[in-house]
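A short worksheet on the structure shown next.
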Amino acid sequence: MSILKLKPSCKDYLWGGHRLVEEYGKDYEGDVLAETWELSCHPDGPSVIDNGEYAGKTLQQYIEEKGKEVLGTHCRRFRDFPILTKFIDAKDNLSIQVHPDNRYALKNEGQYGKTEMWYVMDAGKEAFLYYGFKTEISKEEFSRRIREDTLLEVLNAVPVQKGDVLFIESGTIHAIGKDILIAEIQQNSNVTYRVYDYGRVGKDGKKRDLHIEKALAVTSRVPIVRDKSSYPHVADCDYFTVDKLNLDGNVMKKMEGTVSEASFASILMLDGSGTISSQGETVEYRKGDSFFLSAGSGAYQIEGSCDALITTIREKAAPVRIGIDIGGTETKIGLVDIHQKLITQTSLPTGPERPAEEIIREIGEKALVLLDSQGIAMDQCVGVGIGVPGTVVRKTGMVRYSNNIRWENVPLAKEMGKYLPVPVQVANDADCAALGEACAGAGKECQDVVMLTLGTGVGSGMILDGEIYEGKGGSEFGHMVIIENGEPCTCGRKGCLEAYASATALKRDAKRASGIERTPEEIFRAAAEGDAQMQEVVEVYIRRLGIGIVNIVNIFRPQLVLLGGGISGQGETLLAPLREMMSEGCFGGEKGELPEIEIAALGNEAGMIGAASLI
């Protein structure tokens with residue numbers, strides 16, 4: 001079924017009328033029907049499918065069953081369903097109100113903020129609405145006028161008539177006036193801060209709550225310049241694109257369109273009657289009907305006479321992604337553009353002794369500060385990718401186990417979503433580093449890449465056919481046993497590659513040989529200068545590392561093996577003997593197709609760029 005007819009959720013707010021029942025045929029028995037939520041996945045008022053095999057299920061249930069592919073590729077950047085579409089019948093004045101932006105709403109309300117558009121379907125002769133301020137006012141004057149009941153004196157009253165369109169960005173003070181009928185397309189949110197309500201009382205006989213402090217925090221106090229053209233669209237922003245369709249039934253009586261894989265289409269019938277056809281299916285429409293066409297539905301046709309609003313989701317303009325690389329001692333946060341370039345970055349101590357929730361909160365807040373420092377709005381960010389050491393369940397964003405940061409069963413994606421209101425993807429940190437190199441570094445020309453990160457431990461990542469290979473929880477080449485009953489490893493086993501090829505292992509063996517604490521750089525330098533003890537330590541180190549690499553190559557036959565991490569800085573000192581070991585130890589030797597082995601190119605940036613590339 002490609003055409004879903006929707007039954008709305010109905011709201012009986014005290015300022016509403018009855019026109020949506022009388023003129024638009026809404027099935028409602030109450031005396032007051034203020035709003036109908038025509039296209040909604042919001043828990044406060046979900047719309048329900050009214051036809052076909054999914055009849056009786058909510059739109060959200062349909063999406064969960066069919067998969068998010070029905071929303072389209074342009075919706076991948078949204079954590080939740082992106083929009084909410086309403087009919088509003090204002091018999092009386094609505095309260096003076098303002099909506100917060102995403103960042104403020106998520107932090108304070110646990111849901112998205114709200115940007116919206118109004119299409120005036122009908123209006124009385126004297127109808128007007130409030131839209132911003134007449135002149136700029138201070139926060140102090142704003143607060144004082146709320147207290148003194150003089151706020152209306154400084155608001156911009158705009159007369160309206162049928163066909164008018166107003167775009168209300170978050171932070172704009174506004175109100176629909178009485179005797180106006182409106183179609184509203186908005187972000188999927190139900191957050192409203194009321195600042196003035198004409199002294200009215202609710203059903204409980206009490207005055208309705210005002211949200212003055214929150215409104216003071218989010219309201220833009222400068223006049224709105226109403227000249228932003230969305231031509232050729234009725235409205236166009238990162239949350240929705242709205243187009244107007246008019247068929248007069250005579251000269252123009254048919255429209256053909258296409259619903260691509262990029263976005264679903266919402267069709268809201270403001271007037272008229274006729275049919276919608278798609279994929280051999282035909283559904284009748286009438287004034288007030290709402291339809292959802294899944295992404296990829298292909299060609300459709302509307303016939304008859306109608307005024308309609310068609311809403312789709314466009315591609316994000318100049319998107320930015322956040323790449324986060326969580327390490328045992330340090331966490332790096334970077335902003336990555338569409339060209340896989342780091343715009344800027346920052347870091348903070350991880351502090352694994354702290355609770356996971358505290359670390360995640362600090363990372364989220366630091367990421368928001370980083371966006372602010374570059375003048376990048378949260379709305380410009382399409383997602384967050386996070387690399388984390390250990391075993392990760394990518395589907396849910398759960399960190400199942402990480403010995404490096406002492407996490408177990410931490411719902412990282414869910415927790416980070418409390419601070420960053422965009423899709424969050426999580427993968428193993430070494431996988432992210434490998435992906436970063438494959439996308440923007442030494443592996444740009446390769447589809448099959450294995451990367452070993454030689455640091456505190458031995459991280460590993462593998463890209464096969466251009467995608468992260470993770471099996472049932474990620475590849476851990478560092479924990480393959482290369483020496484039976486060998487050195488103890490941090491994982492609890494003995495003889496793992498990490499127990500011999502990590503920087504920790506190198507420093508251990510150097511101290512055993514000489515009794516002196518040295519850094520890896522000092523160890524290699526001493527070996528190069530003729531220190532026999534350190535020469536033997538380095539030789540054994542490279543041999544153990546080579547055993548692991550030969551094993552990996554024999555199993556997976558990648559096009560490229562990359563070495564990253566601090567020890568990789570030794571360059572050809574490592575690569576030359578490792579190439580020789582691969583030639584001798586890999587199956588087929590020189591007769592086989594041996595991979596290249598190189599040093600990773602991106603250094604500490606690989607993890608951030610790779611994490612961002614998860615989005």
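When reading the values below, keep in mind they use all heavy atoms of this one structure, side chains included, and skip hydrogens, waters and symmetry mates.
More than 12 heavy-atom neighbours from other residues, nucleotides or ligands sit within 6.0 angstrom of CD on Glu358. Other residues, nucleotides and ligands contribute over 12 non-hydrogen atoms within 6.0 Å of the CD atom of Glu148. Within a 6.0 Å radius of NZ in Lys91, other residues, nucleotides and ligands contribute 12 heavy atoms or fewer. Counting heavy atoms of neighbouring residues, nucleotides and ligands inside a 6.0 Å radius, atom NZ of Lys26 exceeds 12 of them. At most 12 non-hydrogen atoms from other residues, nucleotides or ligands lie less than 6.0 angstrom from CD of Glu315. The environment of Asp27 atom CG is sparse: at most 12 non-hydrogen atoms of other residues, nucleotides or ligands sit within 6.0 angstrom.
Comment: Asp236 engages Arg314 in a salt bridge, judged by a side-chain N to carboxylate O separation of less than 4.0 angstrom. At a threshold of 4.0 Å, the pair Glu362-Arg354 counts as salt-bridged, since one of the basic side-chain nitrogens sits closer than that to a carboxylate oxygen. Ion pairing of Asp44 with Lys11 is absent here, as no side-chain N (NZ or NE/NH1/NH2) approaches a carboxylate O to less than 4.0 Å. Electrostatic pairing of Arg145 and Glu153 counts as a salt bridge here, judged by a charged N lying under 4.0 Å from a carboxylate O. A salt bridge links Asp92 with Arg200: the closest approach of a Lys/Arg side-chain nitrogen to an acidic carboxylate oxygen falls below 4.0 angstrom. Between Arg361 and Glu365 there is a salt bridge, since a side-chain N of the basic residue sits under 4.0 Å from a carboxylate O of the acidic one. Under 4.0 Å is where a charged nitrogen must lie from a carboxylate oxygen, and between Glu69 and Lys66 no such pair does.
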TODO: Check step by step if side chain to side chain contact (heavy atoms under 4.5 Å, CB included) holds for Ile88 and Ile176.
DONE: CA-CA 9 Å; Ile88 301 174; Ile176 301 173; 4.0 Å; yes

Open item on the list: Walk me through whether Val382 and Val320 qualify under side chain to side chain contact (heavy atoms under 4.5 Å, CB included).
Closed with: CA-CA 6 Å; Val382 298; Val320 171; over 6 Å; no

Task: Working for side chain to side chain contact (heavy atoms under 4.5 Å, CB included), residues Val32 and Leu14 - done: CA-CA 7 Å; Val32 174; Leu14 58 84; over 6 Å; no

Task: side chain to side chain contact (heavy atoms under 4.5 Å, CB included) between Leu20 and Tyr28, intermediate numbers included - done: CA-CA 9 Å; Leu20 295 176; Tyr28 182 74; over 6 Å; no

TODO: Apply the test side-chain hydrogen bond (donor to acceptor under 3.5 Å, both in side chains) to residues Ser40 and Ser47: give CA-CA distance (whole Å), side-chain angles for both, the deciding distance (0.1 Å), then the verdict.
DONE: CA-CA 5 Å; Ser40 172; Ser47 49; 5.3 Å; no

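Between Tyr13 and Trp15, the ring planes are tilted. Angles from 30° to 60° get that label. Aromatic ring pairs are classed by plane angle as parallel below 30°, tilted from 30° to 60° and perpendicular above 60°; the pair Phe291 and Tyr285 is perpendicular. Using cut-offs of 30° and 60° on the angle between ring planes, the pair Trp118 and His174 is perpendicular.
Side chains of Val160 and Leu166 form a contact here, defined as non-hydrogen atoms less than 4.5 Å apart. At least one side-chain heavy atom of Tyr119 sits under 4.5 Å from a side-chain heavy atom of Lys244. Considering only heavy atoms from C-beta on, Thr311 stays 4.5 Å or farther from Leu39 through its side chain. Ser347 has its side chain out of reach of Thr331: every pair of non-hydrogen atoms, C-beta onward, lies at least 4.5 Å apart. Glu281 is listed as a side-chain neighbour of Ile3, based on a closest heavy-atom distance under 4.5 Å. The shortest distance between side-chain heavy atoms of Glu136 and Val222 falls below 4.5 Å. Annotation: side chain of Phe87 is not in contact with side chain of Glu35 (no heavy-atom distance under 4.5 Å). A heavy-atom distance below 4.5 Å is found between the side chains of Thr192 and His99.
Checked by atom type and distance alone, the side chain of Asn156 pairs as donor or acceptor with a backbone atom of Tyr131 at under 3.5 Å. Using a distance-only test at 3.5 Å, with no hydrogens or angles considered, a donor-acceptor pair links the side chain of Arg221 to the main chain of Ile137. Between the side chain of Thr219 and the backbone N or O of Leu216 there is no donor-acceptor pair closer than 3.5 Å. Side chain of Gln187 to main chain of Thr115: a donor-acceptor pair is present (N/O by atom type, distance under 3.5 Å, no hydrogens or angles). Remark: side-chain polar atoms of His74 are paired, donor with acceptor, to backbone N or O of Ile313 under 3.5 angstrom. Between the Asp289 side chain and the Arg286 main chain, a donor and an acceptor come within less than 3.5 Å of each other. Side-chain atoms of Ser297 never come within 3.5 Å of backbone atoms of Leu293 as a donor-acceptor pair (strictly under, hydrogens ignored). Between the side chain of Arg194 and the backbone N or O of Arg208 there is no donor-acceptor pair closer than 3.5 Å. In this structure, the side chain of Asp179 does not engage the main chain of Ala123 through any donor-acceptor pair within 3.5 Å.
Between the CD atom of Glu53 and the CG atom of Leu4 there is a distance of 9.0 Å, given to the nearest 0.5 Å. Here the OG atom belonging to Ser189 is positioned 10.5 Å from the CG atom belonging to Asp80, to the nearest 0.5 angstrom. Rounding to the nearest 0.5 Å places CG of Asp209 at 10.0 Å from CG of Asp197. To the nearest 0.5 Å, the span separating CD1 on Ile302 from CD1 on Ile267 amounts to 4.0 Å. Distance CD1/Ile322 to CG/Leu335: 6.0 Å, rounded to 0.5 Å. Note: Glu140 CD to Arg144 CZ = 10.0 Å, rounded to the nearest 0.5 Å.
Partners of Glu116 according to the salt bridge (charged side-chain N to carboxylate O under 4.0 Å, His left out) rule, which considers only residues two or more places apart in sequence or in another chain, do not exist here.
Annotation for Thr85 and Ile83: closest pair OG1-CD1, 4.2 Å, computed over non-hydrogen atoms. Pairing each heavy atom of Pro159 with each of Asp164, the nearest pair is O-OD2, 4.2 Å. The minimum heavy-atom distance linking Ile310 with Tyr300 is given by the pair CD1-OH, 3.8 Å.
Between the side chains of Lys214 and Tyr104, no donor N or O sits under 3.5 Å from an acceptor N or O. In this model, a donor atom of one side chain and an acceptor atom of the other lie less than 3.5 Å apart for Tyr239 and Asn102. With no hydrogens or angles considered, no side-chain donor-acceptor pair links Thr241 and Thr312 at under 3.5 Å. A donor-acceptor pair shorter than 3.5 Å cannot be found between the side chains of His211 and Gln97. In this structure, a donor-acceptor pair under 3.5 Å is present between the side chains of His233 and Asp243. Glu64 and Gln60 share a donor-acceptor pair across their side chains, judged by distance under 3.5 Å alone.
The one candidate from Lys287, Arg19, Lys162 that meets the salt bridge (charged side-chain N to carboxylate O under 4.0 Å, His left out) condition with Asp122 is Arg19.
Geometrically, Lys57 does not engage Tyr62 in a cation-pi contact, judged by NZ or CZ lying under 6.0 Å from the ring centre and within 45° of the ring axis.
Aromatic ring centres of Tyr112 and Phe81: separated by at least 6.0 Å.
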